[in-house]
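Comments concern the structure below.
Values below: every heavy atom of this structure, side chains too, minus hydrogens, waters and symmetry copies.
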Amino acid sequence: MRSHNCGELSAGDLDREVRLAGWVGARRDHGGIVFINLRDRYGVTQVVFNPERLSRDDFEKSAALHSEDVIQVRGRVTRRPAGTENPRMSTGEIEVLAEGLVLLNRCAPIPFEIDEAAQVSETVRLGYRYLDLRRPVMQRNLILRHRAARTAREFLSEKGFVEVETPLLTRSTPEGARDFLVPSRLDPGKFYALPQSPQLSKQLLMVSGLDRYFQLARCLRDEDLRADRQPEHTQIDLEASFVEPEDIQDLVEEMVARIFQTVNGRPLERPFPRLTYQQAVDVYGSDKPDRRFGLEITDVTELAAAGGFEVFRKAVAAGSRIKGLALPGVDPSVTQLKGYEEKVRELGARGLVWIKAAGGNFQSPVAKFLGPEILAGLAGKFGLEKGVIFMVADADRKASLLLGAFRLMLASDFNLVPPDRFCFLWVVDFPLFEHDEESKRLTSVHHPFTAPRPEDLDYLESEPLRVRSQAYDLVLNGTEIGGGSIRIHQAELQRRIFKILNLEPAAWEREFGFLLAALERGAPPHGGLALGFDRLLTTFLGLPSIREVIAFPKTQKGACLMTGAPSEVSPEQLKDLDLRRIS
RNA sequence: GGGGCCGUGGUGUAGCGGUUAACAUUCCUGACUGUCGAUCAGGAGAGCGCGAGUUCGAAUCUCGUCGGCCCCGCCA
């Protein structure tokens, strides 16, 4: 149907007789001559309809073409007349003089223009996603996604990893996110769960001796959506036997660098820095620090409590720490600073103390309590000549986390995030457990199959919160793009963990009995990681939302605006599944 | 579960107690043989997401509801 695509013709093809097919883009009708931009996935080529070159019939058809009609053109490649070349088009030196035109399909009126510049609300875009995906940017995103996936597959294949598909219909397990459930028709009243990740499957493949597994795996979680979260997302999931954390980290760094090269066309600096969980929280107030800018958190408890500010003294006496960060070079208004006091309270702080510094002078609501020496001392501690110091007093960890959230707010408000920077880091040495307020019990920070660090094993029962895990997260620009761990490969240790998590033995034997049985039968030491593929691409491409790299995403309420999913089903379908609505 | 922002011709916006609901673009008609965001002339197209209420009067105010987006919780 076509001899060339719309992006490949150039001055090297002059005089060639060609056939092109594609969509009618911008049309310029001069009465006696008609120009159109013919577009396909590969590019845009100008086609000229001149009545001297084609039949009267075809010329009249060309004048009646509409945007997004699908046509086939036969014609000759010619150099554009001097002065009419278009340097903004890769095919701008040439044009195709049409000698024949076939209208392959008409296009009904469309809700928005297929134009890079057109501003269209996401609601409308999602309602006509096939048109939205006709836009070159979206095609670029999907193509880069494909190339990245291909790079990952090639890389892992080279390294001896075997791609294995794991079930979509699996067993619901108690830990973790809410499951999507699928009712069983053959066994009424029972349900499959869609996998939140292939975690257990891949561990079992290690027990099988497959040694190295990977999968571009769809993961499904029935939780609330965000800009970086969809109910189904794709992970580059991998697992290997006889490995230590560094083996996985090195491998993943190499792979991520290669994907980055594919997508962004340049190399990455390696190795990625490593930060312990404790350092990350202390310095950045987050377990996924954004290190594209400074604003590091400093503990100033001793200095700040030494002054006459009662609030600080009392807080410290009650066990709080005073921490702060400095915003250099700025001169915000008092109104703006008061606004921040309010915002930080909304984050859960009891208050926010600010000190404006400029050339040795200080302005602060608490200046008279702290006194000149302490003010100067704080400025020195933060290395601040001119700018603002912000401080909070709260329990150690809470103070850090508050400032961590505040830090992101400031970076965004004062435009401190440099564009086109990619700050990767590993966060390691996570605690194995954390205390869950709601259920009043211990829960796993990662998942219950994560191995503790061997040197902390003795504290498992006595001081479980002190136990660190062999888990590692890969963080990029403040986004967690991957996480993994060395897994527990011994049934006995796995049972100890279940016990500490306060799971009933009967329950875990029922839910995870198959895993324990497998671990008892020659399970090798193993570990792995999963990379959030959609997030990785979103961040690499600097896009605002994960939806930009997913062909058919859901809205925040989990709906597909194009198909109308989720939808009601017929009474017959429900009956087959032994289901009935109760509300 | 909670907080915030937003729903006005096909699309993107303006209007924020009394307007013939404005602008741009798309679309339609006509003119035009070198345009490329073509140009020029003319025309069509919304009663303001939906429902109550306040008011002499509501796109503008209030409440509810539906939908979209951002965030907290949640997401091992």
I'd like the [atom1] distance from [M] over to [N], given in whole Å.
| N | M | atom1 | result |
| --- | --- | --- | --- |
| B:rG49 | B:rU8 | P | 6 Å |
| B:rC32 | B:rG45 | C1' | 27 Å |
| B:rC69 | B:rC16 | P | 29 Å |
| B:rC66 | B:rC23 | P | 36 Å |
| B:rG43 | B:rC6 | C1' | 33 Å |
| B:rG3 | B:rC48 | C1' | 27 Å |
| B:rG68 | B:rG12 | P | 15 Å |
| B:rU26 | B:rG1 | C1' | 43 Å |

If a pair satisfies side chain to side chain donor-acceptor pair (under 3.5 Å) and one of its residues is in residues 475-485 of chain A, list it, with sequence neighbours excluded. A:S485-A:R487

For [N], take OP1 and OP2 only and decide whether either is under 4.0 Å from a side-chain N or O of [X].
| X | N | answer |
| --- | --- | --- |
| A:Q119 | B:rU13 | no |
| A:R547 | B:rC70 | yes |
| A:T555 | B:rG68 | yes |

Using side chain to side chain donor-acceptor pair (under 3.5 Å) as the criterion, point out the one residue from A:Q199, A:K202, A:Q215 that pairs with A:D237. A:K202

Listed nucleotide nearest any side-chain atom of [X], set [options]:
| X | options | value |
| --- | --- | --- |
| A:K557 | B:rG68, B:rC70, B:rG37 | B:rG68 |
| A:T84 | B:rC69, B:rG10, B:rU35 | B:rU35 |
| A:V48 | B:rG67, B:rG34, B:rC75 | B:rG34 |
| A:V124 | B:rG34, B:rG12, B:rC36 | B:rG12 |

Identify the two heavy atoms, one from A:A177 and one from A:Q196, that lie closest to each other, and give their separation to 0.1 Å. O-NE2, 2.7 Å

How close do A:I488 and A:T450 get, counting heavy atoms only, and between which atoms? CD1-O, 3.4 Å

Would you say the base of [N] and the side-chain of [X] have a donor-acceptor pair closer than 3.5 Å?
| X | N | result |
| --- | --- | --- |
| A:D224 | B:rG73 | yes |
| A:R221 | B:rC75 | no |
| A:Q46 | B:rU35 | yes |
| A:R125 | B:rG68 | no |
| A:N86 | B:rC36 | yes |
| A:E95 | B:rG34 | yes |
| A:R80 | B:rC36 | yes |

Quick one: do A:D58 and A:F49 satisfy side chain to side chain contact (heavy atoms under 4.5 Å, CB included)? Show the steps, please. CA-CA 9 Å; A:D58 280 355; A:F49 296 95; over 6 Å; no

To the nearest 0.5 Å, atom CD1 of A:I94 lies from atom CZ of A:R80 at 7.0 Å

Drop me the distance from A:R178's CZ to A:E223's CD, to the nearest 0.5 angstrom. 4.5 Å

Closest-nucleotide ordering on RNA chain B, the 5'-leading residue of A:T123 and A:R28: A:R28

The answer to which of A:R178 and A:K554 contacts RNA chain B further toward the 5' end, by nearest nucleotide, is A:K554

Check ion pair A:E68-A:R27 (N to O, under 4.0 angstrom): no

Euclidean distance, atom [atom1] of residue [X] to atom [atom2] of [N] [Å, nearest integer]:
| X | N | atom1 | atom2 | value |
| --- | --- | --- | --- | --- |
| A:R535 | B:rC75 | CZ | P | 13 Å |
| A:L220 | B:rC75 | CG | P | 17 Å |
| A:M89 | B:rU35 | CE | P | 15 Å |
| A:I114 | B:rG37 | CD1 | P | 18 Å |
| A:F49 | B:rG34 | CZ | P | 17 Å |
| A:E52 | B:rG34 | CD | C1' | 13 Å |
| A:E223 | B:rG1 | CD | C1' | 13 Å |
| A:I481 | B:rC75 | CD1 | P | 22 Å |

Using a heavy-atom cut-off of 4.0 Å across all strands, would you classify [X] as base, sugar-phosphate, or nothing?
| X | value |
| --- | --- |
| A:E346 | nothing |
| A:S121 | sugar-phosphate |
| A:S444 | sugar-phosphate |
| A:D115 | nothing |
| A:V34 | nothing |
| A:P81 | base |

Is A:F35 stacked against the base of B:rU35, taking the criterion as centroid distance under 5.5 angstrom and interplanar angle under 30°? yes

Does A:D228 offer a backbone N or O that forms a donor-acceptor pair with the side chain of A:R535 under 3.5 Å? yes

Strictly under 4.0 angstrom, non-hydrogen atoms only: write out the protein contact profile of nucleotides 26-32 of chain B, one letter per nucleotide from the 5' end, B, S or -. SSS---B

Nucleotide opposite [N] in a Watson-Crick or G-U pair, distances under 3.5 Å:
| N | answer |
| --- | --- |
| B:rA24 | B:rU11 |
| B:rU33 | none |
| B:rC50 | B:rG64 |
| B:rA58 | none |
| B:rU19 | none |
| B:rG73 | none |
| B:rG45 | none |

Do A:R28 and A:Q46 pair up side chain to side chain, a donor and an acceptor below 3.5 Å, judged on atom types alone? yes

Just confirming the chi classification of B:rG47, syn or anti, using 90° around 0 as the syn window. syn

Please collect all ring-ring contact (aromatic ring centres under 6.0 Å, His included) contacts where either partner lies in residues 473-498 of chain A, sequence neighbours excluded, each pair once. A:F498-A:W508, A:F498-A:F512

Hey, would you say the A:Y277 and A:F430 ring centroids sit under 6.0 Å apart? yes

